[in-house]
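Scroll down for the structure; my scribbles are underneath it.
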Amino acid sequence: MKLVLASQNKKKLVEMNDILSSLGIEVCSQADAGVDLEPEETGTTFEENSLIKAKAVMEASGLPAIADDSGLCVDALRGAPGVYSARYGGEDLSDEGRYRLLLENMQGQMPRTAQFVSVITCCFPNGDVLTARGECPGTIAFAPMGEGGFGYDPVFFVPPLKKTFAQLSPEEKNAVSHRGKALKLFQEKLEVYIRSK
Ligand code: IMP
């Protein structure tokens, strides 16, 4: 089965293929499917935005489309940046600019606990929808550490592993991450769905 990923994020595409290839599922990019689209994320929850993206790309491509809406929810900041993680501090900031802004906003704040959240939605042309949510608890580091990953990875510290996401190999990150957990649950739901057809 081939799914179109409703995202321009190449690292998300790699993470999805790493996890779903074992099911014989190929996830292709919007460009591969000839879809040039960036739907506006007007929702206020990960669930709403994930559905908006998957539905728009399914309708434009005529193929099943999968979307991940994800973000970092920091307890001391009352859940911010949350669904606005990609736009935290404005559209012009780089990934590094965003995590540096987060570190600034966390100065003197306690606790430093946070959760990464991912909601995967898959929309099929017949109207069927599958959804799966994954969360990964952690803390906000005091300074960036590590070179891997993307986004807020250098400042997201996973206490049981004593490392930030950016210090983990892709396999280590997938084993504990919000997206890894959501994709695993999605994989289980998809297997049941395929069997029911
Ligand atoms: P989305 O593409 O609208 O889902 O935006 C998600 C944003 O949340 C990304 O641009 C990152 O800033 C952040 N994010 C989501 N997942 C991760 C991750 O695994 N590592 C680091 N940052 C992430």
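Sequence positions, counted from 1, serve as the residue numbers for this chain. As the structure lists them, so they are numbered: ligands from 1, and atoms in each ligand from 1.
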Under-4.0 Å salt bridge between [X] and [Y]:
X	Y	value
Glu59	Lys55	yes
Glu135	Lys181	no
Lys184	Glu188	yes

Check whether any side-chain heavy atom of Phe142 lies under 4.5 Å from a side-chain heavy atom of Leu103, and answer yes or no. no
Under 4.0 Å from ligand 1 - residues by heavy atom, chain and number: Lys12, Glu41, Lys53, Asp68, Asp69, Ser70, Gly71, Ser85, Ala86, Phe116, Phe150, Gly151, Tyr152, Asp153, Lys173, His178, Arg179
For Lys197, look at atom NZ and say whether over 12 heavy atoms of other residues, nucleotides or ligands are found less than 6.0 Å away. yes
If the plane angle is over 60° it's perpendicular, under 30° parallel, otherwise tilted; pick one for Tyr152 and Tyr88. tilted
